[in-house]
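Have a look at the structure below before the remarks.
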Amino acid sequence: MGYQAKRYKETSGGSRLRALPAAVFLAFIFLMALIFLFSKKTDYSSNEKRFLEEFPETTLEEISSGRFGEGFERYFADHFPSRNLWVGINAYYSLLTGNNGASGVYRCSGGYLINTPVSQKNRLSANVETILEFREKTDLPLYAVLIPSTGYIVSDVLPAGHEPYRDDRYLSEISERLAHGGVSFADLREPFKAAYGSKTQLYYRTDHHLTTAGAYEAYLAAAALLGKDPVPKSAFKTDTYYGFYGTTYSTSGFWLTEPDSIDVWRDPASDSSVHIRITDGNTTKEADSLFFYDHLREDDKYPVFIDGNHALTEITNERAPEGTLLMIKDSFSHAIAPFLAENYRKIILVDLRYYKASVSELCEQKKPDQILFLYGIDNFLTDSDLAWLN
């Protein structure tokens with residue numbers, strides 16, 4: 001074989017080898033496209049606990065405006081073949097390469113998945129000012145309870161190099177400003193630290209909410225703030241349910257995490273005296289229990305407490321003392337409200353994410369004796385719906 005022929009053969013062979021990765025990549029893309037086209041699409045992701053993107057409308061206007069392309073990108077991302085597998089691979093790859101928390105959730109010791117701290121650019125001042133402005137418009141006594149973040153209380157399980165949790169600074173500023181404006185405030189930092197130090201699990205490991213034991217600790221502080229005698233633990237019957245995966249799990253991608261259990265503390269004496277009415281716009285539903293056990297068949301079992309998020313929820317307990325409490329709240333209140341229902345004939349829960357009518361008019365209609373703001377600190381710092389209060 002001549003020199004030129006040999007060199008040509010070596011060169012062409014090298015070119016084919018260099019082209020092999022590109023060919024494999026193109027074959028992979030083609031295969032994924034075929035799987036995407038012919039695979040069955042689902043509407044809901046049980047891991048992420050959300051409805052997936054629908055196929056965008058294919059009108060000339062949508063296509064020419066670019067909205068179709070944007071919608072299709074979201075649709076493709078949501079329905080990519082074996083999406084949960086790739087989300088999980090990405091999460092664990094980030095963990096192994098030192099990017100723990102890349103998805104907004106830290107994988108911590110003890111099986112905890114904990115949300116990373118909220119940004120310092122938040123709505124603290126605006127939301128405190130909104131409450132104080134509302135205080136000027138009503139002669140009703142106002143109270144506030146803010147639940148510390150999981151990362152602040154359960155700090156011993158956090159990974160090395162985590163971002164700082166600034167609950168001390170935030171809660172000190174909020175309590176000082178609210179107290180100066182005539183709003184009574186319950187500071188949960190010390191009682192929560194004490195309870196956690198005594199081995200009480202205050203927060204779920206796969207969810208940002210309080211466990212029922214944690215909710216009871218918050219109830220003790222809220223009852224003292226409101227001038228009520230708390231019902232002792234001995235009054236409740238505890239039922240435990242297993243296989244609970246919460247919201248931090250659903251956003252983390254750490255699919256190998258062990259599930260939580262969830263406890264329902266039920267007062268048998270109130271079984272026949274409680275009625276609940278839930279209103280969302282023009283839709284209402286009623287029940288004779290604080291607990292909606294159908295949700296226990298789902299991965300996210302937290303809506304077992306008062307059926308989860310709704311615009312307006314009214315709880316009546318005929319055997320409780322007279323009195324009406326209006327709660328402006330987020331979902332942290334769902335596990336706490338059943339305890340407070342032991343102390344009030346009526347509790348009205350308003351979620352400003354969904355309730356867009358006048359709260360002042362609601363106060364005129366329902367005539368509450370007290371108003372309680374109850375939020376998780378992270379939600380309070382980022383919530384933009386409190387603006388609807390006024």
Side-chain angles (χ1 to χ4, degrees), residues 104-105 114-135 138 142-154 163-193 202-204 207-210 214-215 217-219 221-222 225-226 246-248 251 302 305 308-311 313 325-337 340 349-356 359 370-390:
V105 176
I114 298 177
N115 287 327
T116 57
V118 298
S119 171
Q120 294 188 72
K121 296 179 180 180
N122 54 57
R123 295 185 56 82
L124 185 154
S125 292
N127 287 340
V128 169
E129 193 60 34
T130 296
I131 294 175
L132 294 178
E133 289 174 2
F134 182 75
R135 176 72 186 87
T138 180
L142 265 59
Y143 306 84
V145 175
L146 297 181
I147 311 299
S149 66
T150 312
Y152 171 74
I153 296 295
V154 192
E163 296 180 45
Y165 290 83
R166 299 178 173 84
D167 292 46
D168 278 328
R169 193 184 88 193
Y170 295 145
L171 290 168
S172 294
E173 180 179 346
I174 292 168
S175 61
E176 182 179 344
R177 290 179 60 183
L178 289 180
H180 183 73
V183 179
S184 300
F185 184 84
D187 194 332
L188 300 183
R189 284 176 286 178
E190 290 309 315
F192 267 40
K193 286 179 181 178
L202 298 171
Y203 301 85
Y204 294 107
D207 192 89
H208 65 291
H209 291 111
L210 296 173
E217 293 295 328
Y219 161 66
L225 179 72
L226 295 163
T247 54
T248 46
T251 58
Y302 189 70
F305 303 109
N309 296 317
H310 294 284
T313 303
L325 175 67
L326 176 66
M327 294 176 64
I328 312 295
K329 59 83 182 180
D330 66 4
S331 54
F332 275 87
S333 71
H334 299 172
I336 300 171
L340 285 169
L349 299 100
V350 177
D351 193 323
L352 294 174
R353 290 172 295 180
Y354 313 102
Y355 187 83
K356 303 306 180 186
V359 175
Q370 297 165 302
I371 299 177
L372 172 65
F373 291 86
L374 198 157
Y375 283 79
I377 181 63
D378 287 0
N379 291 340
F380 182 81
L381 293 172
T382 57
D383 187 271
S384 59
D385 294 298
L386 262 172
W388 288 95
L389 184 63
N390 294 314

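Throughout, residue positions are numbered sequentially from 1 according to the sequence presented.
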Identified side chain to side chain donor-acceptor pair (under 3.5 Å) partner of H208 from the options T248, N115, T247: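 Filter result, single survivor: T247.
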Lys/Arg-Asp/Glu bridge criterion (N-O < 4.0 Å) met for D330, R353: no
Electrostatic pair D167-R189, nearest N-O below 4.0 angstrom: no
To the nearest 0.5 Å, what is the distance between [atom1] ([X]) and [atom2] ([Y])?
| X | Y | atom1 | atom2 | value |
| --- | --- | --- | --- | --- |
| L226 | L325 | CG | CG | 6.0 Å |
| S149 | N379 | OG | CG | 11.0 Å |
| F134 | I371 | CZ | CD1 | 4.0 Å |
| Y375 | K329 | OH | NZ | 8.5 Å |
| I131 | L142 | CD1 | CG | 8.0 Å |
| I153 | K193 | CD1 | NZ | 6.5 Å |

Ring centre gap for H209 and F332 strictly below 6.0 Å: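 Centroid separation for H209 and F332: below 6.0 Å.
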Stepwise side-chain contact (heavy atoms from CB on, under 4.5 Å) test for F185 and L146: CA-CA 8 Å; F185 184 84; L146 297 181; 4.0 Å; yes
Candidate pair W388 and K356, rule side-chain contact (heavy atoms from CB on, under 4.5 Å), full reasoning: CA-CA 7 Å; W388 288 95; K356 303 306 180 186; 3.2 Å; yes
Is the backbone N or O of [Y] less than 3.5 Å from a side-chain atom of [X], with the two atoms forming a donor-acceptor pair by type?
| X | Y | answer |
| --- | --- | --- |
| E217 | L202 | no |
| Y302 | D207 | no |
| N127 | F380 | yes |

What heavy-atom pair brings [X] and [Y] nearest, and what distance separates the two atoms?
| X | Y | answer |
| --- | --- | --- |
| N122 | L124 | OD1-N, 3.1 Å |
| Y165 | T116 | OH-CA, 3.7 Å |
| M327 | S333 | CE-CB, 3.7 Å |

Side-chain heavy atoms of I114 within contact of Y203, under 4.5 Å: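 No. Closest side-chain heavy atoms not under 4.5 Å.
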Worked verdict on D351 versus L349 for side-chain contact (heavy atoms from CB on, under 4.5 Å): CA-CA 7 Å; D351 193 323; L349 299 100; over 6 Å; no
